Chemist: 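Okay, handing you the structure first.
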Amino acid sequence: MYKASLKNILTRKEERVIELPLIPRVGETLQLRQPDKFFLIHGITHIIEEETIAFEIFVEPIDRTYWMNEI
């Protein structure tokens, strides 16, 4: 599992820290179930400190309608 910090590109605040089995790619979307939120991924940074595997994922909050229209 990878530790990932979701950073909102609009507010520059951290949305949440989550663990992911895979690191998504730029342009993909993430859906969090609790609360039900969708995020469009704009960038990913690999944080190299000691022996940790951590990432910052820069996201833009989107709504379900935006997500459905992109499919």
Side-chain angles (χ1 to χ4, degrees):
M1 293 294 253
Y2 299 103
K3 180 180 171 186
S5 173
L6 302 181
K7 304 280 185 163
N8 187 323
I9 64 168
L10 303 176
T11 63
R12 300 178 187 232
K13 293 182 181 178
E14 184 174 278
E15 286 283 334
R16 181 182 281 189
V17 176
I18 59 174
E19 288 195 8
L20 298 170
L22 300 171
I23 298 301
R25 292 184 272 177
V26 172
E28 292 183 338
T29 58
L30 283 176
Q31 178 184 7
L32 302 180
R33 299 242 182 227
Q34 298 296 330
D36 197 23
K37 287 185 173 185
F38 290 87
F39 296 101
L40 178 61
I41 299 171
H42 283 276
I44 300 169
T45 300
H46 185 186
I47 301 168
I48 301 173
E49 292 179 357
E50 299 174 11
E51 295 182 18
T52 63
I53 300 173
F55 294 86
E56 282 185 331
I57 301 176
F58 298 93
V59 297
E60 174 187 356
I62 57 175
D63 62 12
R64 185 173 173 82
T65 304
Y66 178 94
W67 179 77
M68 293 296 287
N69 288 337
E70 289 296 312
I71 296 180

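Quantities reported herein were computed from a predicted structural model and do not represent experimental measurements. Scope of the values below: all heavy atoms of this structure, side chains included, with no hydrogens, waters or symmetry mates.
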Chemist: Show every donor-acceptor pair shorter than 3.5 Å between a side-chain atom in residues 14-27 and any protein atom, with sequence neighbours excluded, or say none if there are none.
Modeler:
unit_1, atom_1, unit_2, atom_2, d
Glu14, OE1, Ser5, OG, 2.7
Glu15, OE1, Lys37, NZ, 3.3
Glu15, OE2, Asn8, ND2, 2.9
Arg16, NH1, Gln34, O, 3.0
Arg16, NH2, Gln34, O, 2.7

Chemist: Under 3.5 Å, sequence neighbours excluded: what are the donor-acceptor pairs made by side chains of residues 40-48?
Modeler:
unit_1, atom_1, unit_2, atom_2, d
His42, NE2, Glu60, OE1, 2.8

Chemist: Hey, quick one: are Leu30 and Tyr2 part of the same hydrophobic cluster, counting side-chain heavy atoms closer than 4.5 Å, chains of contacts allowed?
Modeler: yes
Chemist: If you measure from NZ on Lys3 to CD1 on Ile53, what distance do you get to the nearest 0.5 Å?
Modeler: 12.5 Å
Chemist: Shortest non-hydrogen contact from Phe38 to Asp63?
Modeler: CD1-C, 4.5 Å
Chemist: Could you work out the complete set of other residues in the hydrophobic cluster of Leu10, with links drawn between I, L, V, M, F, W and Y side chains under 4.5 Å apart?
Modeler: Ile9, Phe58
